[in-house]
Amino acid sequence: MNEEGLRVAGMTGMDVLSVSQYEPAMLREVFEVAQRMRSIVKERGGADILRGRVLAALFYEPSTRTSASFIAAMQRLGGSVIPITQGVQFSSVSKGESLPDTIRTLEQYADVIVLRHPEVGSAREAAAAASVPVINAGDGSGEHPTQALLDLFTIHDELGRLDGLHVAMVGDLRFGRTVHSLTRLLAQFDVKLTFVSPEILRLPLDLMNEARDAGLAVRETYNVADVIGDVDVLYVTRVQKERFTDLAQYEELKSFYVITPELMKEARDEMIVMHPLPRVGEISPDVDSDPRAAYFRQVQNGMFVRMALLASVLPPHGGRSDEA
Ligand code: ASP
């Protein structure tokens, strides 16, 4: 870490493509920097360490939180943003330009590119074409690494530990990329995982095997009432409508789970409920006033973690690298 303590050493120029890049030691450093970012935001709104740096935010799929939090993170660190979000349909992308060409163009203007794209593997393809860091903000049903980093940060922040926890993931475990990334990250710790989903939305087998091979106690059920009394973290997700070809099937599944105050009576006092958001009915708004509802605190943590990542992958002022 440099003198200011606002960067993680060894990350300059790095892409953020998958959570597999992060081991516990680096995670700890990212989280320490994120904590400092939180203090700085609370004390003085931000820091000017990315002045003159430009981020291109290229979103081929809808986003509210991820795009807004990257923009906020960049601006709070004094940098600026080229947002290519709602306008993708009016850009050269709609003329049939390839992803590598769009990336090679944007890197002429920007120092870092944040990409959300409907295809699994698109972030990797973009990174192969780019000479500036590429941050994966969701590649189809593949991964969403920055979400998983903020999820893990939130769990640690709220409960003070990771080892020994029982985490249940609920909902669309098949298409939910945040679940995929978080499962991979949690597999590095001594946690117990329960996957709660309807049969058709079960976690992909390769991920289940990764968790088992890592030595984790893993269990599956379709009934949330089976586990709610025993979990430290209830991670709820929406059914991913955009991944369904049969919308009638989506309609059948979308309200499979609803977390209500009645259900929360069964949960422990010191557990938390998380959700990557947007929710579309999986958690009743009546749960929001429950102190265990951590999902809006989770949103704010996203900005601190993304500030830490941006400050770390971008070279410090003067274009120097902080690496030897
Ligand atoms: N916002 C998260 C994502 O982009 C979760 C979701 O959309 O359900 O994956």
Side-chain angles (χ1 to χ4, degrees), residues 16-19 57-73 83-86 88 114-124 126 134-155 167-186 195-198 200-204 207 233-244 247 249-251 253-259 273-285 293-303 305-306 309:
V16 180
L17 302 179
S18 163
V19 289
L58 180 59
F59 280 70
Y60 292 80
E61 279 192 337
S63 168
T64 305
R65 273 150 297 276
T66 306
S67 58
S69 76
F70 268 112
I71 292 170
I84 310 171
T85 49
Q86 308 316 332
V88 170
V114 174
L115 174 71
R116 171 169 290 184
H117 192 282
E119 276 160 38
V120 176
S122 50
R124 226 166 259 290
V134 170
I135 301 181
N136 181 4
D139 60 329
S141 58
E143 277 216 37
H144 194 346
T146 65
Q147 176 75 45
L149 291 171
L150 77 90
D151 291 342
L152 199 71
F153 176 82
T154 300
I155 297 173
V167 180
M169 312 230 196
V170 182
D172 187 348
L173 312 185
R174 177 178 176 192
F175 297 120
R177 55 194 172 200
T178 69
V179 166
H180 301 169
S181 289
L182 186 57
T183 299
R184 286 213 166 96
L185 261 193
L186 285 170
F195 297 107
V196 187
S197 73
I200 198 159
L201 297 179
R202 284 170 66 187
L203 191 79
L207 271 162
V233 178
L234 192 73
Y235 188 92
V236 186
T237 63
R238 87 184 153 95
V239 178
Q240 306 278 299
K241 182 179 185 184
E242 62 275 40
R243 313 283 174 229
F244 280 73
L247 279 187
Q249 190 177 51
Y250 164 75
E251 291 296 328
L253 292 166
K254 70 173 188 196
S255 305
F256 206 89
Y257 301 110
V258 182
I259 308 303
V273 181
M274 297 175 67
H275 194 304
L277 302 177
R279 67 175 154 185
V280 284
E282 315 78 40
I283 302 178
S284 156
Y295 28 92
F296 290 111
R297 300 193 289 273
Q298 190 183 346
V299 169
Q300 195 183 42
N301 289 338
M303 182 175 74
V305 169
R306 288 175 176 128
L309 291 172

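Atoms within a ligand are numbered from 1 in the order they appear, just like the ligands themselves. One-based numbering along the sequence shown. Computed from a predicted structure; not experimentally measured.
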Only counting residues at least two apart or in another chain, list the ones meeting side-chain hydrogen bond (donor to acceptor under 3.5 Å, both in side chains) with Thr183. none
Within 45° cone and under 6.0 Å: Arg116 NZ/CZ vs Phe59 ring: no
Tell me, please, which residues at least two apart from Thr237 pass side-chain hydrogen bond (donor to acceptor under 3.5 Å, both in side chains). none
Measuring from Leu185:CG to Ile155:CD1, what's the distance to the nearest 0.5 Å? 9.0 Å
Can you list every protein residue that has a heavy atom under 4.0 Å from any atom of ligand 1, sorted by chain and residue number? Arg116, His144, Arg177, Thr178, Arg238, Gln240, Pro276, Leu277, Pro278
Determine whether the side chains of Ser69 and Arg306 contain a donor N or O and an acceptor N or O closer than 3.5 Å. yes
Who are the side-chain hydrogen bond (donor to acceptor under 3.5 Å, both in side chains) partners of Ser197, not counting sequence neighbours? none
